[in-house]
Amino acid sequence: MKVKSKNFNIKQIADSGQCFRMKQIEENKFGLVAYGRYLELIQVDDETVELSCDEVEFQQIWENYFDLTYYYGAIVADLVTGEDSFLKEAAEYGKGIRILRQEPFEMLISFIISQNKNIPSIKQCITRICETYGETKHYGEGSQIEYHTFPTPEKLAAAEKEELRALKLGYRDEYIIRASQAVQSGSINLPELMLCSHEEAVSALKNIHGIGDKVANCISLYGLHHIEAFPIDVWIKKVLSEIYQNSFSVDRYQGYAGIVQQYMFYYKRYLDGAR
DNA sequence: ACCCAGGCCTGGA
DNA sequence: TCCAGGCATGGG
């Protein structure tokens, strides 16, 4: 089925650093694993995306996953008509980005892995984790496409440190096991953190060994959908110092700073030629 | 050989 | 409270 929106660009979302499980299959065609399912997406034109699912599955899963009931056009319009020239360009450049509603546990682990790594390396680590501990499923006519779901907390909580080391996770092995055990035991309750405030969520997340301010903010934004979160990584630091001389006011964008942060991140990486 | 990547932890000023 | 160094790993 097809979705029409001026603010829905698959390539931009895949390259925005929030999702590590979208894989480009062809020009304008991507494959994605989430919520135990596989989905293919085709960017038909600037305003049209075709999804390989029926209406029912769309309404049950993907409409929510891509946050399609939220109108990003209003925020883009506000920024491109505003007086901040950097954000004006950034919003125009990344106007097809949306903040996905990904699975909280997957985001918890993914952003623990993300520390001190570049995006291609993060993707490789997560792929290996899914292949090793996830469920193997099949998709399509003749089920010729094999895919791997993200593992459950129970699976990762029971993993051995040496096993994870073999997946090239480095010193993060113990962080991952302990965080998974915290979820499994209920000492951290992700659905609950989704209902409480962003600040409460961040402070709870930071109690987990290996989660500091930046990673906690990423989990809050991408895993719990607290869109007021404003994660500051090396790229955002560069923006804040180089563009704003460290005088950027997040408060100006209260309530949706996370979306502004995404435009900044995506545009700055483009400007600096990151890959 | 060095430096960096969607950083965090520990120990010492 | 702030800072330096260490930490696994891969890529430029």
Side-chain angles (χ1 to χ4, degrees), chain A residues 12-22 90 93-94 97-100 102-104 106-129 131-132 156 159-182 188 198 201-244 246 248 250 257-275:
Chain A
Q12 290 186 0
I13 291 170
D15 206 23
S16 67
Q18 60 173 309
C19 174
F20 306 109
R21 304 216 64 202
M22 284 181 73
Y93 182 70
I97 298 174
R98 315 180 70 83
I99 307 293
L100 304 181
Q102 302 183 77
E103 293 170 89
E106 179 172 339
M107 293 297 96
L108 174 73
I109 301 301
S110 296
F111 279 98
I112 287 176
I113 293 170
S114 78
Q115 62 186 80
N116 222 32
K117 274 187 171 298
N118 56 36
I119 291 174
S121 171
I122 298 165
K123 288 180 176 169
Q124 286 178 28
C125 285
I126 293 172
T127 298
R128 284 193 285 264
I129 284 188
E131 286 171 355
T132 308
L156 284 182
E160 297 290 336
K161 234 164 80 167
E162 292 71 26
E163 295 171 16
L164 288 176
R165 254 323 146 90
L167 303 184
K168 307 296 183 185
L169 295 164
Y171 60 88
R172 304 161 190 80
D173 51 5
E174 194 167 2
Y175 297 164
I176 292 167
I177 293 171
R178 288 170 67 174
S180 301
Q181 288 170 344
I188 185 142
H198 160 64
V202 163
S203 87
L205 288 166
K206 284 168 77 171
N207 287 329
I208 297 176
H209 196 64
I211 297 185
D213 202 55
K214 189 272 172 182
V215 167
N217 270 273
C218 281
I219 297 167
S220 184
L221 177 56
Y222 305 122
L224 308 174
H225 208 78
H226 291 308
I227 59 171
E228 61 269 45
F230 192 83
I232 299 175
D233 74 321
V234 291
W235 294 97
I236 297 298
K237 267 180 199 153
K238 278 190 222 174
V239 171
L240 298 184
S241 65
E242 292 173 20
I243 313 289
Y244 295 97
N246 293 319
F248 181 77
V250 184
I259 298 174
V260 173
Q261 184 269 2
Q262 269 288 263
Y263 297 143
M264 281 182 167
F265 177 82
Y266 183 70
Y267 187 50
K268 179 59 173 167
R269 281 168 54 85
Y270 158 71
L271 291 178
D272 288 8
R275 47 176 31 272

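Owing to the predicted nature of the structure, the values given are computational and were not obtained by experimental measurement. We name chains A, B, ... by the order of the sequence lines, and we start the count at 1 in each one.
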Peer 1: Do Gln262(A) and Tyr267(A) get their side chains close enough for a donor-acceptor pair, meaning under 3.5 Å?
Peer 2: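 Absent: no donor and acceptor within the cut-off.
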
Peer 1: Is it true that a side-chain atom of Gln115(A) and a backbone atom of Gly212(A) form a donor plus acceptor pair closer than 3.5 Å?
Peer 2: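 Such a contact is absent between Gln115(A) side chain and Gly212(A) backbone.
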
Peer 1: Need one value for Arg172(A): base, sugar-phosphate or nothing, where a base atom within 4.0 Å counts as base even if backbone is also close, heavy atoms only.
Peer 2: base

Peer 1: Rounded to whole angstrom, note down the P distance from dG5(C) over to dC2(B).
Peer 2: 16 Å

Peer 1: Record whether the side chain of Asn116(A) comes under 3.5 Å of the base of dA8(C) through a donor-acceptor pair of N or O atoms.
Peer 2: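 In this structure, the two groups form a donor-acceptor pair.
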
Peer 1: So which of Arg165(A), Lys168(A), Arg178(A) actually passes side-chain hydrogen bond (donor to acceptor under 3.5 Å, both in side chains) with Asp173(A)?
Peer 2: Arg165(A)

Peer 1: Heavy atoms only, 4.0 Å cut-off, all strands: where does Gly210(A) land among base, sugar-phosphate and nothing?
Peer 2: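 The residue Gly210(A) makes sugar-phosphate contact but no base contact.
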
Peer 1: Give the rounded distance in Å between these two atoms: CD1 of Ile119(A) and P of dG7(B).
Peer 2: 9 Å

Peer 1: If you look at every strand shown and take non-hydrogen atoms under 4.0 Å, does Asp173(A) touch a base, only sugar-phosphate, or nothing?
Peer 2: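 If one applies the 4.0 Å heavy-atom cut-off, Asp173(A) turns out to touch nothing in the nucleic acid.
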
Peer 1: Would you kindly give the OH-to-C1' distance between Tyr171(A) and dT9(C), to the nearest whole Å?
Peer 2: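 One finds 9 Å between C1' of dT9(C) and OH of Tyr171(A), rounded.
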
Peer 1: For the aromatic rings, using the six-membered ring if either is Trp, is the centroid distance between Phe20(A) and Tyr222(A) under 6.0 Å?
Peer 2: no

Peer 1: Report the base-pairing partner of dA5(B) (Watson-Crick or G-U wobble, both distances below 3.5 angstrom), or none.
Peer 2: dT9(C)

Peer 1: Which whole-number value in Å describes the distance from Lys117(A) NZ to dG7(B) C1'?
Peer 2: 12 Å

Peer 1: Kindly give the heavy-atom pair with the smallest separation between Pro104(A) and Leu224(A), and that separation in Å.
Peer 2: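 Between these two residues, the closest heavy atoms are CB-CD2, 4.3 Å.
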
Peer 1: What's Ser110(A) touching, base or sugar-phosphate or nothing? Going by heavy atoms closer than 4.0 Å.
Peer 2: nothing

Peer 1: What integer distance in Å separates Glu174(A):CD from dT10(B):C1'?
Peer 2: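 After rounding, the gap between these two atoms is 14 Å.
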
Peer 1: With rounding to the closest Å, how many angstrom separate the C1' atoms on dC2(C) and dA5(B)?
Peer 2: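 These two C1' atoms come out 24 Å apart once rounded.
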
Peer 1: Hey, does Ile211(A) reach any base, or is it just sugar-phosphate, or nothing, if we go heavy atoms under 4.0 Å?
Peer 2: sugar-phosphate

Peer 1: If you assign Ile208(A) and Ser16(A) each to the DNA chain B nucleotide with the nearest heavy atom, which residue ends up on the more 5' nucleotide?
Peer 2: Ser16(A)

Peer 1: What's the CZ-C1' distance between Arg269(A) and dC4(B), to the nearest Å?
Peer 2: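 About 13 Å, once rounded to whole Å.
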
Peer 1: Roughly how many Å apart are dA8(C) and dG11(B), using the P atom of each and rounding to a whole number?
Peer 2: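 Pairwise P distance, dG11(B) against dA8(C), rounds to 15 Å.
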
Peer 1: For Ser121(A), answer base if it contacts any base atom (sugar-phosphate contacts may also be present), sugar-phosphate if it contacts only those atoms, and nothing otherwise; contact means non-hydrogen atoms under 4.0 Å.
Peer 2: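 It contacts nothing in the nucleic acid.
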
Peer 1: Between dC9(B), dG7(B), dG10(C), which one does the side chain of Tyr175(A) approach most closely?
Peer 2: dC9(B)

Peer 1: Heavy atoms only: give me the nearest Leu167(A)-Thr132(A) pair and the separation to one decimal.
Peer 2: CD2-OG1, 3.6 Å

Peer 1: Which one, dC8(B), dT10(B), dA5(B), comes nearest to the side chain of His209(A)?
Peer 2: dT10(B)

Peer 1: Find the distance Lys237(A):NZ to dC4(B):P and express it as a whole number of Å.
Peer 2: 13 Å

Peer 1: Toward the 5' end of DNA chain C, which comes first, Arg165(A) or Gln124(A), by nearest nucleotide?
Peer 2: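 Between the two, 5'-proximity favours Arg165(A).
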
Peer 1: Rounding to an integer number of Å, can you tell me how far Leu169(A) CG sits from dG7(B) P?
Peer 2: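 That distance rounds to 16 Å.
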
Peer 1: What's Lys214(A) touching, base or sugar-phosphate or nothing? Going by heavy atoms closer than 4.0 Å.
Peer 2: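 Result for Lys214(A) = base.
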
Peer 1: Is Gln262(A) touching bases, backbone alone, or none of the nucleic acid, heavy atoms closer than 4.0 Å?
Peer 2: base

Peer 1: dG7(B) P sits how many Å from Ile219(A) CD1, rounded?
Peer 2: 13 Å

Peer 1: Could you tell me whether Lys268(A) and Asp272(A) make a salt bridge, using a distance below 4.0 angstrom between a side-chain N and a carboxylate O?
Peer 2: yes

Peer 1: Need one value for Lys238(A): base, sugar-phosphate or nothing, where a base atom within 4.0 Å counts as base even if backbone is also close, heavy atoms only.
Peer 2: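 Sugar-phosphate contact only.
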
Peer 1: With a 4.0 Å cut-off on heavy atoms, is Phe20(A) in touch with a base, just the backbone sugar-phosphate, or nothing at all?
Peer 2: nothing

